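Beneath this line is the structure, given in structure tokens, with notes to follow.
Lettering follows sequence order; numbering is per chain, from 1. Predicted model only: the values in this text are computed from it and were never measured.
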Amino acid sequence: MTREGVRPNGFTYSIILTAQPAVSPFQVHAHIIKTNYEKSFSVGTALLNAYVKKGILDEAAKVFELIDEKDIVAWSAMLAGYAQIGDTEGAVKIYRQLTSEGVKPNEFTFSSVINACTAPSAAVEQGKQFHACSIKAKLNNALCVSSALVTMYSKKGNIESASEVFKRQRKRDLVSWNSMICGYAQHGHTKKALEVFKEMRRQDLEFDGITFIGVITACTHAGLVDEGQQYFDIMVNEHHIYPTMEHYSCMVDLYSRAGMLEKAMDIINRMPFAASATVWRTVLAACRVHRNIDLGKLAGEKLISLQPHDSAIYVLLSNMYAATGHWQERARVRKLMNDRKVKKEAGYSWIEVKNKTYSFLAGDISHPQSNQIYSKLEELSTRLKDAGYKPDTSYVLQDIDDEHKEAILSQHSERLAIAFGLVATPAGAPLQIVKNLRVCGDCHTVIKLISKLERRDIVVRDTNRFHHFKEGLCSCGDYW
DNA sequence: ATGTAGGATC
């Protein structure tokens with residue numbers, strides 16, 4: 001077109017920027033600058049969105065700034081960019097700017113800003129506030145807003161509100177149903193997840209691959225191995241949905257978590273893809289739990305070759321060697337880690353108290369109320385022991401004496417966060433904790449006891465799922 | 001004729 005001397009206009013750029021597979025936004029950007037289309041809101045929005053899809057957010061923000069008259073579509077596109085990278089503060093800032101300039105948010109705006117509130121570090125209250133705003137704007141019933149709300153509430157640990165939003169929906173589409181199934185699945189509310197699925201069947205609705213990811217995950221979290229396999233078969237044979245890598249990952253997780261590692265390997269060997277890092281990670285984690293050192297070694301080495309800079313892999317592998325007393329192997333992995341300058345990700349826990357988020361590292365003493373936190377932990381320690389608790393030091397994988405191990409356990413980040421929650425909130429108030437790693441077995445035992453001793457409902461979200469602790473028991477039934 | 005949205009396993 002340009003060779004024949006036809007000048008592109010705004011439509012040309014918008015169309016080419018949304019073409020699939022995506023073209024390089026940098027290249028088109030150059031043409032846009034040359035022909036002076038940077039200020040156009042439609043071209044600018046398409047361009048910034050192209051940068052967002054590539055994850056280049058600062059470039060997207062620069063493009064956004066240059067748009068002359070930013071309409072709600074341009075604002076929403078920028079907001080969606082921040083939401084996509086999980087930058088809650090950036091998204092909230094954009095929302096405030098657009099409303100203060102008198103621009104009226106639409107359903108896309110709310111859907112994105114609520115989506116931005118699903119980030120682990122975002123305060124639960126934040127999402128709730130945008131829910132309220134969407135009600136005021138009469139946009140809360142839009143499909144994309146409702147499903148964003150269901151996902152936000154369930155990811156923030158509030159499955160009751162998620163299901164409330166879902167129940168009140170008069171109109172639903174596939175995404176609405178999938179959001180609810182996946183929410184229940186992540187909370188380990190297997191029965192409810194399957195009930196929602198059954199309701200879809202009763203109404204003769206269409207499913208897609210994501211529906212079954214939710215359903216199989218629900219089975220995984222309850223150890224329903226046969227049922228999980230049945231749903232996979234139904235998906236393939238009755239609904240002719242072609243399983244993706246993600247489905248095979250779920251199946252490998254289903255079997256390996258239940259300790260059926262041979263069956264898991266069978267799937268890996270027979271699936272039509274090379275196993276992804278996710279698959280091997282699942283296997284490795286299960287090998288650590290079920291103490292299968294040979295397979296763990298295989299999975300660990302595969303993983304290290306696939307992702308040589310992922311610290312979590314080295315940690316899992318070295319922990320497995322430590323847990324089985326293979327100290328030489330453990331030293332080898334640690335050395336590899338040092339040689340490659342791979343640093344372990346620190347374990348963090350967050351707790352929200354009065355709309356503020358507090359974060360804790362293991363052994364953290366930086367909090368202003370540190371003294372109170374540690375004396376609460378002391379007090380709890382005595383009461384826990386009276387209640388029959390014995391620390392399980394096998395979760396401490398340093399080669400040190402038992403007394404030190406107990407001290408390390410007692411200062412895990414989730415315990416500090418809970419102790420702070422106990423002293424900083426009124427008696428009986430529920431606590432919500434978020435953790436960036438998996439909760440350890442000993443902490444799991446302790447939190448169950450604390451929920452009983454202190455009469456508190458405690459919800460812990462780790463990297464895998466939610467644990468609802470209540471009256472000495474956990475919703476996961478000790479299977480996670 | 002063009003630009004913005006929600007649901008996925010580790």
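- Counting to the nearest Å, the P atom of B/dC10 and the CD1 atom of A/Ile313 are 16 Å from each other.
- Between A/Phe466 and A/His187, the ring-plane angle classifies as parallel under the 30° and 60° cut-offs.
- The shortest side-chain heavy-atom distance between A/Glu329 and A/Leu317 does not fall under the 4.5 Å cut-off.
- Atom CG of A/Asp462 is separated from atom C1' of B/dC10 by 11 Å (rounded to the nearest Å).
- A/Ser76 comes within contact range of at least one nucleobase, with a heavy-atom separation under 4.0 Å.
- Rounded to whole angstrom, the span from the CZ atom of A/Phe41 across to the C1' atom of B/dG3 amounts to 9 Å.
- Using modelled atom types and a 3.5 Å distance limit, the side chains of A/His31 and A/Tyr37 yield no donor-acceptor pair.
- Near DNA chain B, meaning a heavy atom under 4.0 Å away, the residues from residues 86-109 of chain A are A/Asn106, A/Phe108.
- Ring orientation note: the planes of A/His189 and A/His468 are tilted relative to one another, at an angle of 30° to 60°.
- Near DNA chain B, meaning a heavy atom under 4.0 Å away, the residues from residues 111-126 of chain A are A/Ser111, A/Ser112, A/Asn115.
- Rounding to the nearest 0.5 Å places NZ of A/Lys62 at 13.5 Å from CG of A/Leu48.
- As a whole-Å value, the separation of A/Asn9 CG from B/dG3 P is 13 Å.
- Remark: A/Lys70 is positioned above the aromatic ring of A/Phe64, its terminal NZ or CZ atom under 6.0 angstrom from the ring centre and at most 45 degrees off the axis.
- The closest side-chain donor-acceptor pair between A/Arg281 and A/Gln307 falls under 3.5 angstrom.
- Rounding to whole angstrom units, CG of residue A/Leu17 and P of B/dA1 are separated by 20 Å.
- Taking SG of A/Cys250 as the start and OH of A/Tyr231 as the end, the distance is 14.5 Å to the nearest 0.5 Å.
- In summary, the aromatic rings of A/Trp177 and A/Phe166 are positioned with their centroids under 6.0 Å apart.
- Proximity of the aromatic rings of A/Phe212 and A/Phe207 is defined here by a centroid distance below 6.0 angstrom, and this criterion is met.
- Because its NZ or CZ atom is not both nearer than 6.0 Å to the ring centre of A/Phe469 and within 45° of the ring axis, A/Lys448 does not count as a cation-pi partner of that residue.
- Contacts with DNA chain B (heavy atom under 4.0 Å) in residues 242-260 of chain A: A/Glu246, A/Ser249, A/Cys250, A/Asp253, A/Arg257, listed by number.
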With a cut-off of 3.5 Å and sequence neighbours excluded, list every side-chain donor-acceptor pair involving residues 292-304 of chain A.
from     : atom 1 : to       : atom 2 : distance (Å)
A/Asn292 : OD1    : A/Leu295 : N      : 3.1
A/Glu301 : OE2    : A/Arg332 : NH2    : 3.2

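- One can place CG of A/Leu174 at 12 Å from P of B/dA8, the figure rounded to the nearest angstrom.
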Applying side chain to side chain contact (heavy atoms under 4.5 Å, CB included) to A/His247 and A/Ile213, what does each step give before you reach the verdict? CA-CA 6 Å; A/His247 292 103; A/Ile213 289 198; 3.5 Å; yes
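- In this structure, A/Tyr51 has its ring center under 6.0 Å from that of A/His29.
- Residues from residues 138-157 of chain A with heavy atoms under 4.0 angstrom of DNA chain B, sorted by number: A/Leu143, A/Cys144, A/Ser147, A/Thr151, A/Lys155.
- With 3.5 Å as the limit, one finds a donor-acceptor pair spanning the side chains of A/Ser76 and A/Thr109.
- The stretch residues 43-66 of chain A comes close to DNA chain B through A/Thr45, A/Ala46, A/Asn49, each having a heavy atom under 4.0 Å from the strand.
- Using modelled atom types and a 3.5 Å distance limit, the side chains of A/Tyr13 and A/Ser40 yield no donor-acceptor pair.
- The interatomic distance linking A/Leu79 (CG) with B/dG3 (C1') rounds to 15 Å, in whole Å.
- Following rounding to the nearest Å, A/Phe11 (CZ) and B/dG3 (P) show an atom-to-atom distance of 10 Å.
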